[in-house]
Number of protein chains: 2
Amino acid sequence: MTPAARRVLEAAARLFYERGIHAVGVDLIAAEAGVTKKTLYDRFGSKEQIVVEYLADRDERWRAFLAQHLDAAHPAPPARVLAVFDASHAWAAENNSKGCSMVNAHAEISDPSHPAYPIITGQKKWMLDLFTHLAGDISPDRAGHLGRTLMLLHEGALVAHGLNVFPDPIAHAREHVQGLLATTRDTAVKQ
Amino acid sequence: MTPAARRVLEAAARLFYERGIHAVGVDLIAAEAGVTKKTLYDRFGSKEQIVVEYLADRDERWRAFLAQHLDAAHPAPPARVLAVFDASHAWAAENNSKGCSMVNAHAEISDPSHPAYPIITGQKKWMLDLFTHLAGDISPDRAGHLGRTLMLLHEGALVAHGLNVFPDPIAHAREHVQGLLATTRDTAVKQ
DNA sequence: GATTCACTATACAGATCGGTATACTTTTGG
DNA sequence: CCAAAAGTATACCGATCTGTATAGTGAATC
């Protein structure tokens with residue numbers, strides 16, 4: 001990727017996230033990136049392609065960010081689940097004050113045949129798989145059920161964070177998950 | 001509200017929800033409502049005003065729908081909490097397959113000075129207050145904490161439903177809340 | 001050292017955007 | 001019964017939208 005292309009993607013990412021995809025025009029993206037429209041179209045071909053690369057890049061960055069937190073976490077399964085919430089907490093503090101970019105993009109991209117659609121649903125499916133896998137290391141016979149509960153709490157925390165419903169919802173979700181996992185572990189031991 | 005105005009609001013609501021606010025033009029709204037653009041502007045004055053009334057109407061309908069379910073519910077506090085999830089379940093089945101319209105609108109309306117902004121945040125604040133109040137009837141000393149947890153689970157269920165992450169997430173959230181309330185009640189009894 | 005590549009600058013095309021103007025018709029309430 | 005309100009039909013406005021065309025510059029590569 002050329003320097004100009006990188007600047008375009010950075011500007012587009014910031015503008016799309018802050019103002020919404022349909023509300024941002026290519027002229028503004030080019031201007032904010034300090035690039036002419038011709039360069040923008042030489043590199044990306046269309047606005048739709050910029051949207052696709054924006055979401056794909058965001059997805060890739062999040063997965064790498066999360067992997068770092070998981071690698072650094074205590075190997076005990078409950079600690080690894082909590083590490084996901086810690087990662088989201090750090091991610092949200094850095095560059096995510098308006099909630100999940102995939103959820104926000106989904107509000108504007110309804111057509112399943114849109115090339116960005118599988119990126120959005122793919123990340124959610126990937127997160128559910130991750131939670132289910134982590135849950136399997138805690139309570140193998142209820143991995144699916146626990147994974148879905150973790151998914152609900154995580155998504156709810158991201159939305160509540162974006163809408164600023166109450167202070168630090170991600171920390172609240174983490175706390176609830178901590179109690180939940182203790183209960184689940186006890187139950188598993190008892191059985 | 002005149003018949004034409006009602007048709008405009010109905011068409012706008014459907015189009016805004018399904019395609020997004022910025023993606024829908026006033027010409028399309030007028031055509032779908034079977035109304036001329038002059039009538040549309042005579043009744044509403046601006047597209048922004050249609051957006052405001054769309055969200056305000058949606059908010060009002062949801063509160064009335066929820067009130068009906070709460071009135072019909074068993075008076076025991078835990079049953080009333082579950083009735084909220086039952087209401088969301090029925091609401092989503094009827095007219096909400098793309099998630100919460102307030103969350104989706106928030107993705108496109110970022111400016112807090114936009115006249116629709118307080119409607120969005122107002123509904124979320126109202127829901128949190130409701131959950132907190134209901135939680136207070138179960139565990140008075142932890143009403144705030146439990147209310148926020150219920151809010152997270154509810155928001156997460158709506159998002160997961162809209163993104164179709166797994167089947168029937170609202171029922172899953174309801175199930176988890178049921179277990180959670182049983183535990184909380186037991187704890188309260190023990191103390 | 002000519003060619004390719006990445007880029008700037010500017011102008012333009014056709015469509016669509018939100019919103020208005022003019023002229024006319026239908027419905028309805030005091 | 002008639003005036004006001006609510007509506008249709010159509011044309012238009014300036015701005016903005018995505019995307020393209022033309023012409024030229026600087027640097028790197030083969």
Side-chain angles (χ1 to χ4, degrees), chain A residues 1-57 104-105 107-111 113-117 119, chain B residues 1-57 104-105 107-111 113-117 119:
Chain A
M1 191 174 298
T2 67
R6 220 182 324 271
R7 261 152 42 215
V8 166
L9 205 52
E10 279 167 14
R14 180 172 45 81
L15 291 166
F16 285 159
Y17 183 70
E18 286 176 0
R19 306 190 193 182
I21 292 170
H22 287 314
V24 171
V26 289
D27 293 81
L28 178 60
I29 296 172
E32 291 276 305
V35 152
T36 61
K37 250 179 15 163
K38 176 157 191 314
T39 300
L40 184 150
Y41 274 97
D42 282 349
R43 295 296 138 250
F44 294 95
S46 69
K47 179 186 174 179
E48 189 176 75
Q49 185 58 27
I50 299 180
V51 173
V52 168
E53 296 198 26
Y54 151 60
L55 291 173
D57 185 64
N104 289 345
E108 297 198 73
I109 300 172
S110 37
D111 182 10
S113 70
H114 191 289
Y117 203 84
I119 299 172
Chain B
M1 189 173 300
T2 68
R6 219 183 324 272
R7 260 150 47 214
V8 166
L9 205 52
E10 279 168 13
R14 180 171 46 81
L15 291 166
F16 285 159
Y17 183 69
E18 286 175 0
R19 305 189 193 181
I21 292 170
H22 288 312
V24 171
V26 288
D27 293 82
L28 178 60
I29 296 172
E32 291 276 307
V35 153
T36 60
K37 252 180 15 162
K38 178 164 188 308
T39 299
L40 185 151
Y41 274 96
D42 281 349
R43 294 296 136 251
F44 295 95
S46 69
K47 179 185 175 180
E48 189 176 74
Q49 185 58 27
I50 299 179
V51 173
V52 168
E53 296 198 25
Y54 151 59
L55 291 172
D57 184 64
N104 289 344
E108 299 196 72
I109 300 171
S110 37
D111 182 9
S113 70
H114 190 289
Y117 203 85
I119 299 172

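We name chains A, B, ... by the order of the sequence lines, and we start the count at 1 in each one.
- Here B/Thr36 does not reach the OP1 or OP2 of D/dT10: none of its side-chain N or O atoms lies under 4.0 Å away.
- A 6.0 Å sphere centred on CZ of B/Arg14 holds more than 12 heavy atoms belonging to other residues, nucleotides or ligands.
- Note that the CD atom of B/Glu32 and the CD atom of B/Glu10 stand 12.0 Å from one another [nearest 0.5 Å].
- Taking CD of A/Glu48 as the reference point, atom CD of A/Glu53 lies at 11.5 Å (rounded to 0.5 Å).
- The stretch residues 9-31 of chain B touches DNA chain C through B/Val24, B/Gly25, B/Val26, each having a heavy atom within less than 4.0 Å of the strand.
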Legend entry - Contact letters for nucleotides 25-30 of chain D, in which S counts primed atoms plus P, OP1 and OP2 and B counts the base, heavy atoms under 4.0 Å: ------
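- Across every non-hydrogen atom of B/Tyr54 and B/Leu9, the tightest pair is N-CD1, 3.9 Å.
- Straight-line distance from the CZ atom of B/Arg43 to the C1' atom of D/dG7: 8 Å, rounded to whole Å.
- Side-chain atoms of A/Glu108 come within 3.5 Å of backbone N or O of A/Ile21 as a donor-acceptor pair.
- Taking all atoms of both residues into account, the shortest heavy-atom contact from A/Met1 to A/Arg6 is O-NH2, 3.1 Å.
- Note that the first and last nucleotides of DNA chain C, 5' to 3', having any atom under 4.0 angstrom from a heavy atom of chain A are C/dA6 to C/dA9.
- Taken to the nearest 0.5 Å, the OG1 atom of B/Thr36 stands 11.0 Å off from the CG atom of B/Asp27.
- In this structure, B/Leu40 places its CG atom 15 Å from C1' of D/dA9, rounding to the nearest Å.
- A/Glu48 has its CD atom 12 Å from the P atom of D/dT18, to the nearest Å.
- Distance check: B/Leu55 CG to B/Ile50 CD1 gives 12.0 Å after rounding to the nearest 0.5 Å.
- Side chain of A/Lys37, nearest nucleotide from D/dT20, D/dG7, D/dT22: D/dT20.
- Backbone-only contact: A/Thr2 has heavy atoms under 4.0 Å from sugar-phosphate atoms and none from a base.
- When all heavy atoms are compared, the tightest approach of A/Arg7 to A/Val35 is NH2-CG2, 3.5 Å.
- At whole-Å resolution of the value, OH in A/Tyr41 and P in D/dT20 are 7 Å apart.
- Atom CG of B/Leu40 is separated from atom CD1 of B/Ile29 by 6.5 Å, given to the nearest 0.5 angstrom.
- Across every non-hydrogen atom of B/Ser46 and B/Gln49, the tightest pair is OG-N, 3.1 Å.
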